[in-house]
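Inspection log for the structure reproduced underneath, given as structure tokens.
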Number of protein chains: 2
Amino acid sequence: MARTVLSSPTQEVIIGFDQPFVMIGERINPTNRPKFSKELKDGNYWRVVKEAKRQVEAGAQVLDVNVGVPLSDEAKIMSEVIALLQTEVQCPLVIDSSVKPALESGLEAYQGRPLVNSVTGEEESLEFVLPLIAKHDCAVVAISNDDTGISEDPDVRFEVAKRIVERAADHGIKAEDVVVDPLVMPVGAINSAGRDVFRLVRRLREELGVNTTCGASNVAFGLPNRHTVHNAFLPMLQAAGMTSAILNVYDEGLVPAIKAGDMLAGNDPDCANWINANRPKPAPGEAVGGRRGGGRRVGRGGRGRRG
Amino acid sequence: MARTVLSSPTQEVIIGFDQPFVMIGERINPTNRPKFSKELKDGNYWRVVKEAKRQVEAGAQVLDVNVGVPLSDEAKIMSEVIALLQTEVQCPLVIDSSVKPALESGLEAYQGRPLVNSVTGEEESLEFVLPLIAKHDCAVVAISNDDTGISEDPDVRFEVAKRIVERAADHGIKAEDVVVDPLVMPVGAINSAGRDVFRLVRRLREELGVNTTCGASNVAFGLPNRHTVHNAFLPMLQAAGMTSAILNVYDEGLVPAIKAGDMLAGNDPDCANWINANRPKPAPGEAVGGRRGGGRRVGRGGRGRRG
């Protein structure tokens, strides 16, 4: 049973078949955010720290760190941001870059066992990233596209993932340290995109024995009422056996939906996390624990409070 | 591919693998509702009609009709209620009773092709209900318990379902007219209850080729924040391949969650139902269709409106 162990100096997070779903916060990312981009370029990291703390508070167990700004010294920024974040938050981080020196400098700066995002099935990526993962004994996200591009056929994507896992093994990297991203297509463009990914996740889990992750927001691209789509999609992925995702933990209702999904997928022993997360808050001045029987009030009367 | 056809004089609803999930409204049921019970006993059916119309408006495609009140003439009530409802609403109905004469009188009164709820694997039930289904050429919910009770082992429940389908075949009833209820246990009592039912639904679909249904509300029995559990559970059931459920369509957010689930399960061609259901409403005085570009406002700004 795959167990991908990520760590910081003070925390360990396990992505695994029998573990609660791991929510990786996606918000440390300057794409389409001009102010954020300029600040990063200027070495001003206050927003990185703010987004980190806010995401952890909202429920993220791991944070994706992407500092990709065109025409910047991404290696320097990555190294500084990783070092800073490890003094500001406790959780493990994802080093997310398509720039080789930034992956290297991020890995040098990191204390603990990070997740690297990502290696693909492209020859150049395999040859650069896998030796780095082996050298630093960490885990990697494997994206199932290769030199021919992204296949719309989920069976082709399965074969690409299988090949990456095999190539990783050649470098001494265990399958449990390869977290496969089966690639989620927008359901508005490919109507079978959701169904395809559910089947693919089951195959990756049952046949390759690997953990899985995805960029969940892509599925609803171009559609109205996206947060309701996300709130349904994540539990469906959990039912199919997905074990983590990179997502927007601020998305209304998403964290409770995933916690309910954990319980329904059998990964919340005695429903303890669910019951704790939904414990009635004592009224001002009331002793804590004094309204245990009021649980029903929160369950029924708490409508509308999904955050 | 199983297609269970239900009909009224004016509407046809198909439960099927490639169809939108069929929501069966559970609210015509006097259990634990003393006023409703007394009214039914007195032949006063205004609440039945109100619940019927309100559920259809909320999104129910089929209505379960249960008029079980202790010490009443259930056969007479069922017959009258079925006849009345078929003049008041257009949709097909489920005749739901554990009382033999009530099933008979309901079937006699019904115009079209109803679903009968239910037959079990108990010998007495098989011998009484299956001939009735064959005689009236309708469909039946098969509950996977037998004379030994309800097994906690999902594989035993699968075998019971298989036996009911075989017994139905002996009466000339096709597998596609048997809608199996795999029985959903409360996850608070049996932690694997959700996971068990997902696997069971997949087996029923892939190995027996039958449609499935369940009483969805049972899963969250005794837990806080039940509507969030339901909103996660239904899409998970859809991901596993369930094709209908008996549920509370008034439950906040449940109907949108199921419509999102349809789209993500690949059963909403071109996402047409989703886009229609989430079309921005024109402001008063504004021409319809004049704010197509405002879709994003509803998607992001529409937070909190889930109903």
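A note on names: the letters A, B, ... follow the listed sequences, proteins ahead of strands, and every chain is numbered from 1.
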Quiz item: Is there a side-chain contact between B:Asn231 and A:Asn231 (heavy atoms, below 4.5 Å)?
Solution: no
Quiz item: Is the count of non-hydrogen atoms from other residues, nucleotides or ligands lying under 6.0 Å from B:Glu207 atom CD greater than 12?
Solution: yes
Quiz item: Do B:Trp274 and A:Pro224 come close enough that some side-chain heavy atom pair is under 4.5 Å?
Solution: yes
Quiz item: Who among A:Cys271, A:Gly222, A:Ala240 has the most heavy-atom pairs with chain B under 4.5 Å?
Solution: A:Cys271
Quiz item: Closest heavy-atom contact between B:Pro235 and A:Ala232?
Solution: CB-O, 3.7 Å
Exercise. Can you establish whether the number of heavy atoms outside B:Asn32 located under 6.0 Å from its atom CG is more than 12?
Key: no
Quiz prompt | B:Phe221 CZ: over 12 foreign heavy atoms closer than 6.0 Å | solution = no
Quiz item: What residue in A:Ala265, A:Ala220, A:Ala277 has the most heavy-atom pairs under 4.5 Å with chain B?
Solution: A:Ala265
Self-check item: Heavy-atom pairs under 4.5 Å with chain B, option from A:Leu237, A:Asn267, A:Val229 with the top count
Solution: A:Val229
Quiz item: Can you name the closest pair of heavy atoms from B:Val219 and A:Leu264 and give their distance?
Solution: CG2-CD2, 3.6 Å
Quiz item: Just checking heavy atoms, which of residues 183-204 of chain B are less than 4.5 Å from chain A?
Solution: B:Val187, B:Gly188, B:Asn191, B:Gly194, B:Arg195, B:Phe198, B:Arg202
